[in-house]
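To start, the structure itself, in structure tokens.
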2 protein chains.
Amino acid sequence: MVTSRDVAHAAHVSQATVSRVLNGNTRVAPEARERVLRALDELGYVPNASAKAMRTARAGAVGIVASEMLNPYFPRLLDALTREARERDLTVLLWNDDDPAAPMAQAGVKSGAVDAVIFAAAKQETTGVDQLASRGVPVMLVNRADPGNPVDQVTSDHEGSGYAAAAYFLDRGRDDLATVFGPRDTFASPARERGFRRCLAERGVEVATRRWFVGTTSYEHGWASATALLESGTLPSAVFCSADLIAFGVISALRRGGVRVPEDVWVMGNDGLPMSEWDPFDLTTHRQPIEEIAKQGMDRLVARMAGEHGEPRRIMIPTELIVRGSTAHA
Amino acid sequence: MVTSRDVAHAAHVSQATVSRVLNGNTRVAPEARERVLRALDELGYVPNASAKAMRTARAGAVGIVASEMLNPYFPRLLDALTREARERDLTVLLWNDDDPAAPMAQAGVKSGAVDAVIFAAAKQETTGVDQLASRGVPVMLVNRADPGNPVDQVTSDHEGSGYAAAAYFLDRGRDDLATVFGPRDTFASPARERGFRRCLAERGVEVATRRWFVGTTSYEHGWASATALLESGTLPSAVFCSADLIAFGVISALRRGGVRVPEDVWVMGNDGLPMSEWDPFDLTTHRQPIEEIAKQGMDRLVARMAGEHGEPRRIMIPTELIVRGSTAHA
DNA sequence: CTGAAAGCGCTAACAT
DNA sequence: ATGTTAGCGCTTTCAG
């Protein structure tokens, strides 16, 4: 291992001068600086992260708590977050932790391994978030709007996308509806549900309880719900799904049952997964601005790490309706 | 922050005794140990990671270099790897780094932030791997067999799955073949290609060059290749795709062109993605033992971190052929 | 402008 | 069995 002492020796200066050159906040004589820079380069010096962290009491790292890595939106989010982190010279620690108390994050903060935590978990339970936030640790919620929680959050407008979905159907005379939602203990799905309901209420449209399905965010849940619709004898004119994955299952089951999409039934998803564009689905959906969420989330977090105080900020980014063949018929 | 001094003070012992209790290699009087344990618990003590790392010269962390987070097998691998890491009390640093020299990993090791590196990148270029390995850093290659590289590697048998694919077709009299492969500069695709070719050679079967497609690992590449087949006027009796994603595109394009799968053309994928089971695809494929790869990979890495020397180990795990409706017709 | 020295929290000798 | 002490590599006073 090459230490700053080695560099100092090679450059015929004191170790403190090497440190000064590296941090650049103090004045150093041009010739000395030159020698140090050369030695730095020749020896391939890289500062010891632990020593620096111990001395400065800052790890230069953020932790990401992920409980649903297999959720299809997660890779895009992680890709975007790690890219943003790199641009800001932040190290990323990844915790695969599905405990709502987020014990790994608690330990990560207490051990000084990270300076801040990003919660990318889908579940509503927030004991872990609360504990950290109350200790003054910079905490960020991505893609979940939690008005009751006094921490920074950046999310897409889940409720708005649900509202837009219902409005889209009703504006086009499709008022014989069915819906298939994900779990109630997550953020995104209930929010989309609320938005959908709000629009229904405004227009005085009702949806029968037996056509209001709630389950997991999965192809299988969509398949099962659509199968139930088929078996009920009468079909709705349109189905809204709170997630693309669910919509794929709905479309597949309907077609398997001899029902045409969109001629007989319209189907809409939500998420804008790359697959939604595939020919067998050609799904009308709402694009989630993942990159934008990652970017703004990191911006906020970095500001807090830099010591910014003040009220928690709740940033909401609108989604974009993408109309495709699963609803668009002449 | 709670330090071991605070604990020592609360327990009326010296700080060294606290350390002894924590590390448990030296004898401590029962009553003292008891007091320390209680203080530890009451104060919610967590050792400072930096101090420990600096003192022991071990970070207790591994880095994962990922260049293709959006590759659909990646989330499963990452999920499995982080799970394994947690079981072994290892922290995971994630580097989103597509530079073959893996500069983030180099810095991570030099700075002492990690003790070992896992390469989960798809590309063949290995300057980064070589540099670390030659410096004696524990390095692990997951899901890429690179016989020329003297480092530990755990991979599924890509070549074997290619061979099995060809054998499956030929054993059933399907010898009018087409193939659609992923990029030549990755590990998995060319290996699958080699296996497929080897079986063809053994049986004296040839595939026309214009029916041997090479491109990206994507739905789009599958779609484009199948479209070319359709436009060529004559169809093969079976198509092997080096990845499920590609196969989804092939099936979609064939069906869009009015061709029935499997009645007219058989299609086989490779990867065993969850979607391969979906009704619109119902794809025959080769399941990749991702969890097993992660587990054995971590086992090897931990052994090396513990100081195990000796020849690099190349572990190869067989894949499993899953026959579904895209090939199985009476 | 620069060198010497203190100290971050911890482990591991070294004393006792 | 346990307290004292010396650093790990770094940043930051404090002298000069």
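Chain naming here is simple, since letters A, B, ... match the order of the sequence lines and numbering starts at 1 in each.
A/A32 comes within 4.0 angstrom of sugar-phosphate atoms only, judged by non-hydrogen atoms across all strands, and of no base. Across all strands shown, A/A16 has heavy atoms under 4.0 Å from base atoms, whether or not it also approaches the sugar-phosphate.
When the side-chain nitrogen and oxygen atoms of A/T26 are compared with OP1 and OP2 of C/dT2, none of them lie within a distance under 4.0 Å. Phosphate proximity of C/dT11 to B/S19: present, with a side-chain N or O under 4.0 Å from OP1 or OP2. The phosphate of D/dC10 (OP1 or OP2) has no side-chain N or O of A/N48 nearer than 4.0 angstrom. When the side-chain nitrogen and oxygen atoms of B/S4 are compared with OP1 and OP2 of C/dC10, one or more of them lie within a distance under 4.0 Å.
The side chain of A/R20 has C/dT2 as its nearest neighbour among C/dG9, D/dT11, C/dT2. When distances run from any side-chain atom of A/M1 to the nucleotides C/dC10, C/dG3, D/dG9, the shortest one goes to D/dG9. Checking D/dT11, C/dG9, C/dG3 against every side-chain atom of A/T17, the shortest atom distance belongs to C/dG3. When the nucleotides C/dT2, C/dC10, D/dG9 are ranked by their closest atom to the side chain of B/Y45, C/dC10 comes out on top. Distance from the side chain of B/V28 is smallest to D/dT2 among C/dT2, D/dT2, C/dA5.
Rounding to whole angstrom units, CG of residue B/D6 and P of C/dC10 are separated by 9 Å. Rounded to an integer number of Å, the gap from CZ of B/R27 to P of C/dT16 is 23 Å. The interatomic distance linking A/R5 (CZ) with C/dA5 (P) rounds to 12 Å, in whole Å. In this entry the distance linking CE of A/M54 with P of D/dC8 reads 11 Å, nearest Å. Remark: P of D/dA1 and CZ of B/R33 are 11 Å apart, rounded to the nearest angstrom. One can place CZ of A/R58 at 14 Å from C1' of D/dT11, the figure rounded to the nearest angstrom. For the pair A/N23 CG and D/dT12 P, the computed distance is 6 Å after rounding to whole Å. One can place CD of A/Q15 at 14 Å from P of C/dA6, the figure rounded to the nearest angstrom.
Between the side chains of A/D98 and A/S67, no donor N or O sits under 3.5 Å from an acceptor N or O. No side-chain donor-acceptor contact under 3.5 Å links B/S134 and B/D130. A side-chain donor-acceptor contact under 3.5 Å links A/N143 and A/S156.
In this structure, the separation between CE on B/M69 and CZ on A/R76 is 14.5 Å, given to the nearest 0.5 Å.
Heavy atoms from other residues, nucleotides or ligands lying under 6.0 Å from CD of B/E311 number 12 at most. Atom CZ of A/R88 sits in a crowded spot, with more than 12 heavy atoms from other residues, nucleotides or ligands closer than 6.0 Å.
Ion pairing between a basic and an acidic side chain is recognised when a charged N comes within 4.0 Å of a carboxylate O; A/R83 and A/E291 show no such pairing.
Below the 3.5 angstrom threshold, one finds no donor paired with an acceptor across the side chain of B/R55 and the base of D/dG9.
Ranked by how close their nearest DNA chain D nucleotide is to the 5' end, B/P30 and A/A51 are led by B/P30.
A donor-acceptor distance shorter than 3.5 angstrom exists from the side chain of A/D115 to the backbone of A/A59, with no hydrogens or angles considered.
For the contact set between residues 107-116 of chain A and DNA chain D, defined by any heavy atom under 4.0 Å, there are no members.
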